[in-house]
Amino acid sequence: MNFAGKVVLVFLEEDNIQRAYFRVRPLLTQEGPVDKQAVSEFPDEGYLRIVPDKNEQHTFKERMRTLCGLCVLNLRDMPPDVSKIRTNKNYAPARGENNQYIVYSDAVQPLPRDEFFQVVAQDQLDSALTPLVFTRSGANIQGPFDSTTNQPAGDVQKLPPDSAALYTVALPDDRELLFYCPRKEQENAPETAPENPEATADDKQEPVQENKPVSPWKKQLDAIIAGEKPVQENKESKPKVDMQNALQQIQQLNGELNVASRLKDDHKPFIPAPAAVQQPQQPLGGTKLYQASPQKKPQGMKAHNSLAETVDMQRNPNRYESRYEAPGACIANSAQMSDVQNPVEHFRHALQKAWNMPDTHRQVISGILGVNGIRPALAKALCEGKQDLTIAAMHSQLQELEAERLMTLMQLDDAKNSKQKIRDEVLQSLTRQEKAAQEKLEAVTKEKQQCVDALTKQQQALIAECENVQKQLDKLPWQDIIAPVCGSDATDKELIARTLECLKKQGFRADEDDVRALLVTLALSDDTLSVSADTRSDALSAAHAIAAALGTGAYRIHSAHLQIDPVRVLNGGDAPVFTCDTESLASPIKNSTHMILSDRQMNLLCEEGEMSEHYFSSPWLGVHLTTDDEALPKALPTFPAVSRLCLKKAMLKEGDIPEAVQKLVISLCRALRDAGAALPLALRTKLCTFILSCQDDMKGGVAAAVDFAVRAVVIPHIQAYALEKDAIRPALEAMPRTLKVLEE
């Protein structure tokens, strides 16, 4: 793409604001829009990188930002020997520089008033991008008008809608604008001196025939295939100069070439290098080839050997080595002749003899190349006028590479032309794949539907069976049926968070340590658990909150003294089931945990009665909760159920407690025994397991774990046996939570 001597409409953009990088894309010249094939000559995106000229190093960024959008690349007034478009030395697509050519900033100028005119509608003058515009109303195009004042700028002229100077230009942002570009070069043609002064006016005014454009790649490829030298459009391009320098360096590095005798100009005669030893040359004698005869040519004389003898001599030259060849001219029979030695003929015959033997080929070549000055001569003869054999080989390889490159570009053009065809084929292939996937999905859906139908039939049979069982169970007096669900797994952190949220919703004050101690107590309780609060009603609310956190429910029992079980829990589910009442059950309900509701003083165990007898045979643990006076109860959240096994795995740990803690537990057991009620072995085991499960996770460490464990395990034992507080208080001095519950 040669823009020399032209004014080009370009689009300027700042593609890197942080580093103030600008570039332009050619759009329109006076010959017409810059097509895609011409834009592709500026890899990779059709832009030219703008570099600051030496005269505007400090104002480059500000001036370029004022020109962003439409401007011109003015190369009309540039001298012919000045090239403003050059190769970008920093071109590196891998590092983000995708512009292979640069243009100097002094060539980038604002839009002139009389070069390019945008054609806009009459009501869109304010949105014009050029100083002067032409307006259109249907097929009526006239102007120019000033885009700022909407007033005519000079004589108003009308343009036909099919004017050859109207061009549609596509901007990089996919907008298509209409421009009027008058061809001023044709108008000013008489003022410009023609290159051929003898050309006539008719030749100057001969119209140019519009032919179908031929791809430059096709032209160069045809030239290479025909054996011609490809036409170089720009002889001063920098890559050509670099190639010549490279070839000259390669030629200088060839040590076997005789640089002193190399030809500098093609028109100079070839002068071979002088031989090392000058041998005296024997003068050639004999008769001249052409001799003027004063007499007439005698009749019956033969000029030279016949054709048969010549052919026979070429086939068997040994037979004619000693014979004389007839002179090439007709001479008298009385003329004296002498033998003439022809060294070229002798060399030819000797070379032919030696070359007929394959074993002597290497010696023959070594002998020829050993002659002083023969290498440059051979190189020149082989190159057929070129400078050097290496250069000739490189030129040949370059032509082959150029042919391959042009062939690749032509194939790329063909691929672009067949892009729609390939896209249709791909869509058809995808359609077939989607159809196969749809058929497979329909088959799977049909199979699943059959499974659903079978399960529906089983469900209906099970529902009928459940209704039958329910009718039979309804005949039993004073009995509720509870069907536990299947629980899922959960971590200790999830369980603590859920329990803490439920307790706060119900209006209780608790932290993570309180909740962890509550869940560990619940995991250690097999069938009975004591829940105490300020009132028994608050204890019932706490039971509902604990059950909601575990995804189950707490069922209130009002018939603890019946001979039959007040509640029956069916088999099948592994989620915990809680029953609650202010009294203990005569016998534990299978698959459930009974919560005994009491106030803060746990007065139910202090009285001698049936509940105390139950505790003595099967002791249980106690949970103590504190009501928040400033909280208002809210609705409990809903959580998925967890299994009893998950609760034990998440909250309980196995191992040995520290030695110091063991001594503390032993001293506590000794104090209880001295007070009159030894701690049972089952409670000692639960006490150690409680401490081991909480000592590493509570904020207070092992001391807090011991305090919570003694409060949950030992306090119910002390109140059930009505032990003296003064006898136990010394062993509980380091346990503030236990002492607080004991004093209450």
Side-chain angles (χ1 to χ4, degrees), residues 1-13 23-43 45-48 69-78 84-85 101 103 107-120 128-136 139 141-144 157-192 204-220 231 233-234 409 413 416-417:
M1 187 189 305
N2 188 8
F3 292 145
K6 300 179 182 179
V7 179
V8 186
L9 180 67
V10 297
F11 185 84
L12 188 148
E13 68 176 17
R23 62 180 184 176
V24 294
R25 180 174 181 178
L27 300 177
L28 178 65
T29 63
Q30 292 182 353
E31 287 78 9
V34 180
D35 56 1
K36 294 182 179 179
Q37 180 178 355
V39 171
S40 63
E41 296 184 12
F42 296 139
E45 300 176 354
Y47 285 84
L48 291 89
L70 290 180
C71 56
V72 295
L73 186 65
N74 190 357
L75 302 178
R76 178 185 297 169
D77 300 331
M78 299 296 174
K84 289 296 180 179
I85 300 177
Y101 293 92
V103 61
V108 181
Q109 301 175 3
L111 278 172
R113 293 179 59 86
D114 55 351
E115 293 287 347
F116 302 96
F117 305 88
Q118 184 182 358
V119 180
V120 298
L129 302 179
T130 56
L132 301 181
V133 298
F134 275 68
T135 61
R136 59 178 175 84
I141 301 176
Q142 60 181 355
Q157 56 179 334
K158 293 185 178 181
L159 299 177
D162 57 347
S163 174
L166 292 175
Y167 305 105
T168 301
V169 178
L171 300 184
D173 55 0
D174 297 334
R175 289 186 299 168
E176 291 188 355
L177 303 180
L178 184 63
F179 287 91
Y180 168 63
C181 180
R183 299 183 179 181
K184 293 189 176 182
E185 292 183 357
Q186 296 181 359
E187 298 175 1
N188 299 332
E191 299 178 3
T192 305
K204 297 179 183 178
Q205 297 178 0
E206 183 179 357
V208 180
Q209 296 181 358
E210 295 183 359
N211 297 328
K212 184 177 181 180
V214 181
S215 174
W217 307 327
K218 181 67 177 176
K219 293 180 180 179
Q220 297 185 25
V231 180
E233 295 184 0
N234 190 1
L409 292 176
D413 289 342
K416 290 180 179 179
N417 295 332

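When a residue number appears, it is its place in the shown sequence, counting from 1. Keep in mind the model is a prediction, meaning the values are calculated, not measured.
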Heavy-atom closest contact ([X] atom, [Y] atom, distance):
X    : Y   : value
C181 : L28 : CB-CD2, 4.3 Å
F11  : Y47 : O-CE2, 4.4 Å
F116 : V8  : CZ-C, 4.3 Å
V108 : C71 : CG1-SG, 3.9 Å

Apply ring pair (Phe, Tyr, Trp, His ring centres under 6.0 Å) to F134 and list each qualifying residue two or more places apart in sequence or on a separate chain. F117, Y180
Between the main-chain N or O of P160 and the side-chain N or O of S163, is there a donor-acceptor pair closer than 3.5 Å? no
Interatomic distance, [X] atom [atom1] to [Y] atom [atom2] [nearest 0.5 angstrom]:
X    : Y    : atom1 : atom2 : value
R136 : I141 : CZ    : CD1   : 8.0 Å
L75  : T29  : CG    : OG1   : 11.5 Å
R25  : L12  : CZ    : CG    : 13.5 Å
L27  : Y167 : CG    : OH    : 14.0 Å
F3   : L48  : CZ    : CG    : 7.5 Å
Q157 : Q142 : CD    : CD    : 10.5 Å

Counterpart residues, side chain to side chain contact (heavy atoms under 4.5 Å, CB included), relative to P110 (two or more places apart): L67
Do L9 and V34 have side chains that get closer than 4.5 Å, going by heavy atoms? no
Would you say T168 and L178 make side-chain contact, with heavy atoms under 4.5 Å? yes
My understanding is that only one of R113, Q118, E115 makes a side-chain contact (heavy atoms from CB on, under 4.5 Å) with P131; could you say which? R113
Per the side-chain contact (heavy atoms from CB on, under 4.5 Å) rule, which among T130, V133, L132, T135 passes with P144? L132
Can you sort out the partners of D77 under salt bridge (charged side-chain N to carboxylate O under 4.0 Å, His left out), two or more places apart, ordered by chain and number? none
